[in-house]
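All remarks here apply to the structure that follows.
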Amino acid sequence: MRRLRYQVATSLDGYIAGPNGEFDWIVQDPEMNFAELFAAFDTAVMGRKTFAAMQAQGAAAMPGLDVVVYSKTLRAKDCSGVSVINSDPIQHVRSLKSKAGKDIWLFGGGVLFRSLLEAGVVDTVEPAVIPVLLGNGVPMLPAPCTKTTLVLTKHRVYQKSGITLLEYSIHR
């Protein structure tokens, strides 16, 4: 079965975007292999706010990936190049996971992450911890949330940037 992987950049104090949605604090490391990262997935899922932030940057499509946006307000006919799902994301993700294919990238949205985590459909949590303290912003996991135990399965430190990539499986 395909895995749903929450692969996300986060500040050391747990924010995935600044107070105004900014992500200019996310630094790149020359050793990071983004082609390899993208090759692990064939589908990316995200919430409406993450999609809107990508649109604002002119990067709503993700070449090589089927992009699914969960929204109660967006209409499919207004969003070319992506699939807009207005129904329950939990049931839709379960359906995606049951189909053949590569892993599914839970690309963004703390609220979406929380609902999928609580429903038991998230398989891994993979934060790329950026060495910055924002002090405020969009949390990686907004409250209220249920305690979830994680098991470290992999890690890598990028010396040039100080980024630490962690991979945890969900302890069930």
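- Ring to ring, F38 and W105 are close: their centroids are under 6.0 angstrom apart.
- Linking Ile, Leu, Val, Met, Phe, Trp and Tyr residues whenever their side-chain heavy atoms come within less than 4.5 Å places L141 and Y70 in a single cluster.
- Formation of a donor-acceptor pair under 3.5 Å by the T124 side chain with backbone atoms of E126 is not found in this model.
- Taking the side chain as every heavy atom from C-beta outward, L106 and L112 approach each other to under 4.5 Å.
- If you take CD1 on I104 and CG on D123, they are separated by 8.5 Å, rounding to the nearest 0.5 Å.
- Two residues are said to be in side-chain contact when any heavy atoms from C-beta on lie closer than 4.5 Å; V125 and L150 meet this criterion.
- Taking 4.5 Å as the limit, some side-chain heavy atom of H92 sits within range of a side-chain heavy atom of L96.
- In this structure a side-chain-to-backbone donor-acceptor pair under 3.5 Å is missing from D42 to G101.
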Can you list the steps and then say if D88 with K72 is a salt bridge (charged side-chain N to carboxylate O under 4.0 Å, His left out)? CA-CA 9 Å; D88 180 19; K72 294 176 183 165; over 6 Å; no
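- V82 has its side chain out of reach of V68: every pair of non-hydrogen atoms, C-beta onward, lies at least 4.5 Å apart.
- In terms of modelled atom types and a separation under 3.5 Å, the side chain of R114 and the main chain of P142 share a donor-acceptor contact.
- When all heavy atoms are compared, the tightest approach of G109 to T50 is N-OG1, 3.2 Å.
- With contacts defined as side-chain heavy-atom distances shorter than 4.5 Å, the pair M140/P127 qualifies.
- Closest of all the heavy-atom pairs between V132 and S11 is O-CB, 3.4 Å.
- P89 is not listed as a side-chain neighbour of V45, based on a closest heavy-atom distance of 4.5 Å or more.
- Annotation for V121 and K97: closest pair O-NZ, 2.9 Å, computed over non-hydrogen atoms.
- Residue V69 is grouped with residue F41 when hydrophobic side chains (ILVMFWY) are merged at heavy-atom distances under 4.5 angstrom, including chains of intermediate members.
- Heavy atoms only, all atoms of each residue included: P139 and G137 are closest at CD-O, 3.4 Å.
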Do H155 and V129 pass the side-chain contact (heavy atoms from CB on, under 4.5 Å) test, and can you show the C-alpha distance, the side-chain angles, and the key distance before you say yes or no? CA-CA 11 Å; H155 70 282; V129 181; over 6 Å; no
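- Distance alone, capped at 3.5 Å, places no donor-acceptor pair between the N20 side chain and the E22 backbone.
- If you check the side chains of T43 and R2, you find a donor sitting under 3.5 Å from an acceptor.
- Connection of L152 to V157 is not established within any shared hydrophobic cluster, with ILVMFWY side chains joined at heavy-atom distances below 4.5 Å, either directly or through further cluster members.
- In terms of heavy atoms, S161 sits closest to P131 at O-CG, 3.3 Å.
- The number of heavy-atom neighbours closer than 6.0 Å to CZ of R75, taken from other residues, nucleotides and ligands shown, is 12 or below.
- Taking hydrophobic clusters as Ile, Leu, Val, Met, Phe, Trp and Tyr residues chained together by side-chain heavy-atom distances below 4.5 Å, L12 does not share a cluster with W25.
- When side chains are defined from C-beta on, Y158 counts as touching M32, because their heavy atoms get closer than 4.5 Å.
- Put simply, F113 and I85 are part of the same group of oily side chains (I, L, V, M, F, W, Y) that touch within less than 4.5 Å, one to the next.
- The OG atom of S71 lies 11.0 Å from the NZ atom of K49; values are rounded to the nearest 0.5 Å.
- Once rounded to the nearest 0.5 Å, the distance linking CZ of R172 with OG1 of T149 reads 11.5 Å.
- How far CG of L166 is from CD of Q7: 10.5 Å, rounded to the nearest 0.5 Å.
- At a threshold of 4.0 Å, the pair D103-R5 counts as salt-bridged, since one of the basic side-chain nitrogens sits closer than that to a carboxylate oxygen.
- Here the CG atom belonging to L133 is positioned 5.0 Å from the CG atom belonging to D13, to the nearest 0.5 angstrom.
- Looking at D66 and K102, no side-chain N of the basic residue comes within less than 4.0 Å of a carboxylate O on the acidic one, giving no salt bridge.
- Between V27 and I130, the shortest heavy-atom contact is CG2-CG2, 4.1 Å.
- Residues V8 and F107 have side chains not in contact (no heavy-atom distance under 4.5 Å, counting atoms from C-beta outward).
- Of the N and O atoms on the side chains of E167 and T153, at least one donor lies less than 3.5 Å from an acceptor on the other residue.
- In this structure, the separation between OG1 on T148 and NE2 on H171 is 11.0 Å, given to the nearest 0.5 Å.
- A salt bridge between E31 and R156 is present, with a side-chain N of the basic residue lying under 4.0 Å from a carboxylate O of the acidic one.
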